[in-house]
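Written out below as structure tokens is the structure these notes cover.
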Amino acid sequence: MRVQSNSVHGGTGPPPLGPGPVLFGILNVTPDSFSDGGEFFGAAPAVSHAERLLDEGAHAIDIGGESTRPGSDPVSPEEEARRVVPVVRGILEARPGTRISVDTYRASTAGAALDAGAAIINDVTALGGDPRMAGLVAERRCPVVLMHMLGEPKTMQENPHYDDVVREVRDYLAAKAEEAISAGVDPANVILDPGIGFGKTMKHNLELLDRLETLVELGFPVLVGTSRKGFLGKITGSEDPKARVFGTVATSVMSYERGATLFRVHDVRANREALEVAAAVREV
Ligand code: HH2
């Protein structure tokens with residue numbers, strides 16, 4: 001079977017939820033992202049990489065103009081929009097109808113990207129980074145990813161502490177979903193994300209993955225972003241992020257088993273094929 005195909009390439013509209021797993025291909029237009037910084041910096045290389053991700057089977061492209069790797073510094077809002085908006089336009093010119101998500105916590109960047117044709121906002125601050133963001137996504141009626149993060153990227157990996165990471169992340173996401181809905185966001189447009197690696201030790205990441213059902217039970221679609229992240233390298237010994245594809249695939253499949261339906265990945269083909277197999281098994 002093919003991983004779902006309906007409702008995904010429409011460009012705009014409701015969240016890309018399929019009968020099967022949905023893949024967001026990662027496109028970082030930054031000089032400093034942890035695994036691919038500088039590679040797709042500039043509109044032309046970024047657009048051709050997006051085309052490659054689509055050819056590999058991505059259902060949406062998630063464009064980020066600011067690295068959120070541990071220790072990273074923010075860029076100015078103007079610089080972020082300058083990086084992202086031409087890439088949104090370029091992808092839609094090359095592949096009209098592509099579903100584009102923009103990884104930003106700034107309403108100005110989000111608004112400019114939506115004007116250029118983006119369809120989804122991926123906010124790693126769960127609408128907490130900019131007081132205008134909730135109103136914007138409510139008004140534009142677009143799907144929004146609400147991600148959990150403890151602290152901020154500059155310092156988030158300095159000794160993160162939880163009494164019960166799964167309970168605290170679940171309570172945080174439930175509260176953020178409620179806040180978004182109170183601000184006018186359609187509940188059907190809310191997607192939740194545990195924020196793997198964002199203010200979490202390896203044990204925290206593993207506990208969240210192991211008990212992902214607890215987040216799925218909140219009743220919103222769950223997106224998981226483990227792709228090439230450091231905790232995988234700690235387990236397998238793969239220091240080069242690009243060599244962490246097998247570990248990433250393992251987490252995608254087990255997250256799917258626990259009810260996640262959206263996967264933010266660099267290596268689209270590997271994750272797509274593994275998830276197609278997992279979906280076929282489920283359908284037997
Ligand atoms: N992870 C990263 C960035 N954005 N968004 C969501 N919703 N979930 C994630 O897990 C997530 C995210 C970090 O990965 P990457 O984009 O590859 O690196 P960088 O932040 O260095 O650009």
Side-chain angles (χ1 to χ4, degrees), residues 15-16 22-41 46 49-50 53 58 60-75 79-80 83-84 87 100-106 109-110 118 120-129 133 137 143-150 152-154 156-157 169 172-173 176-177 180 190-200 204-205 208-209 212 215 220-233 240-242 244-245 247-248 251-252 255 260-268 271:
V22 172
L23 290 139
F24 280 42
I26 300 173
L27 182 60
N28 286 318
V29 283
T30 59
D32 58 342
S33 287
F34 78 95
S35 87
D36 52 6
E39 276 185 55
F40 315 115
F41 194 43
H49 188 62
L53 296 171
I61 301 294
D62 185 47
I63 308 177
E66 175 179 294
S67 174
T68 47
R69 82 186 143 71
S72 60
D73 285 312
V75 297
E79 173 63 11
E80 187 190 33
R83 292 177 184 179
V84 167
V87 178
I100 297 179
S101 153
V102 175
D103 187 344
T104 185
Y105 54 86
R106 294 191 181 94
T109 303
I120 302 167
I121 299 304
N122 171 21
D123 186 348
V124 298
T125 68
L127 306 179
M133 188 66 116
V137 295
V144 62
V145 180
L146 305 177
M147 195 197 81
H148 176 273
M149 169 163 46
L150 184 68
E152 54 189 48
K154 188 83 189 156
M156 66 190 177
Q157 288 307 103
V169 169
Y172 173 94
L173 290 176
K176 290 293 174 181
V190 173
I191 298 166
L192 303 181
D193 181 339
I196 297 299
F198 284 84
K200 283 144 193 130
H204 296 142
N205 291 327
L208 281 164
L209 290 172
L212 209 58
L215 306 186
F220 299 95
V222 169
L223 182 146
V224 173
T226 56
S227 192
R228 299 182 181 175
K229 284 185 178 171
F231 77 105
L232 300 171
D240 176 3
K242 287 187 179 159
R244 297 178 189 153
V245 57
T248 303
T251 58
S252 292
S255 300
T261 48
L262 302 121
F263 304 87
R264 183 184 177 277
V265 295
H266 300 87
D267 305 288
V268 170
N271 284 280

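Position 1 is the first residue of the sequence; numbering continues from there. All ligand and atom numbering here is 1-based and tracks the order in the structure.
- Among protein heavy atoms, the minimum distance from atom 18 (O) of ligand 1 is reached at Phe34 CD2, 3.3 Å.
- Ion pairing between Glu66 and Arg106 holds under the 4.0 Å rule for side-chain N and carboxylate O.
- Near Val145, meaning under 4.0 Å from one of its heavy atoms, ligand 1 places the atoms 7 (N).
- Of the protein's non-hydrogen atoms, the one nearest atom 1 (N) of ligand 1 is Lys229 NZ, 3.0 Å.
- Counting protein heavy atoms only, atom 21 (O) of ligand 1 is closest to Ser67 OG, 2.7 Å.
- Minimum interatomic distance between Pro194 and Val222 (heavy atoms only, all atoms of both residues): CD-CG1, 4.3 Å.
- Residues Pro241 and Phe34 share a closest heavy-atom pair of CG-O, 3.9 Å.
- For atom 5 (N) of ligand 1, the nearest protein heavy atom (residue, atom name, distance) is Asn122 ND2, 3.1 Å.
- The shortest heavy-atom contact between Gly197 and Asn205 is N-OD1, 2.9 Å.
- Annotation: Ser35 places no N or O atom under 3.5 Å from an N or O atom of ligand 1; distance criterion only.
- With a 4.0 Å cut-off on non-hydrogen atoms, Asn28 touches ligand 1 through its side chain and not its backbone.
- Residues Ser227 and His266 share a closest heavy-atom pair of OG-ND1, 2.7 Å.
- The nearest protein atom to atom 16 (O) of ligand 1, hydrogens excluded, is given as Arg264 NH2, 2.7 Å; this is a heavy-atom distance.
- Taking a cut-off of under 4.0 Å to the non-hydrogen atoms of Asp103, the atoms of ligand 1 that pass are 3 (C), 4 (N), 5 (N), 12 (C).
- Considering only non-hydrogen protein atoms, atom 8 (N) of ligand 1 sits nearest to Asp193 OD2, 2.6 Å.
- At least one N or O atom of Gly225 sits closer than 3.5 Å to an N or O atom of ligand 1.
- Between the Arg83 side chain and the Gly65 main chain, a donor and an acceptor come within less than 3.5 Å of each other.
- Using a 4.0 Å cut-off between heavy atoms, Met147 contacts ligand 1 through its side chain alone, with no backbone atom that close.
- For atom 17 (O) of ligand 1, the closest heavy atom belonging to the protein is His266 NE2, 3.0 Å.
- Under the salt bridge (charged side-chain N to carboxylate O under 4.0 Å, His left out) criterion, Arg264 pairs with Asp62, Asp103, sequence neighbours left out.
- Counting atoms of ligand 1 from 1 in the listed order, those under 4.0 Å from a heavy atom of Ser33 are 19 (P), 21 (O), 22 (O).
- Proximity of Asp62 to ligand 1, defined as any heavy-atom pair under 4.0 Å, is not found for any part of the residue.
- By the salt bridge (charged side-chain N to carboxylate O under 4.0 Å, His left out) test, Glu39 pairs with Lys242, sequence neighbours left out.
- Without hydrogens or angle criteria, Thr125 side chain to Gly129 main chain gives a donor-acceptor distance under 3.5 Å.
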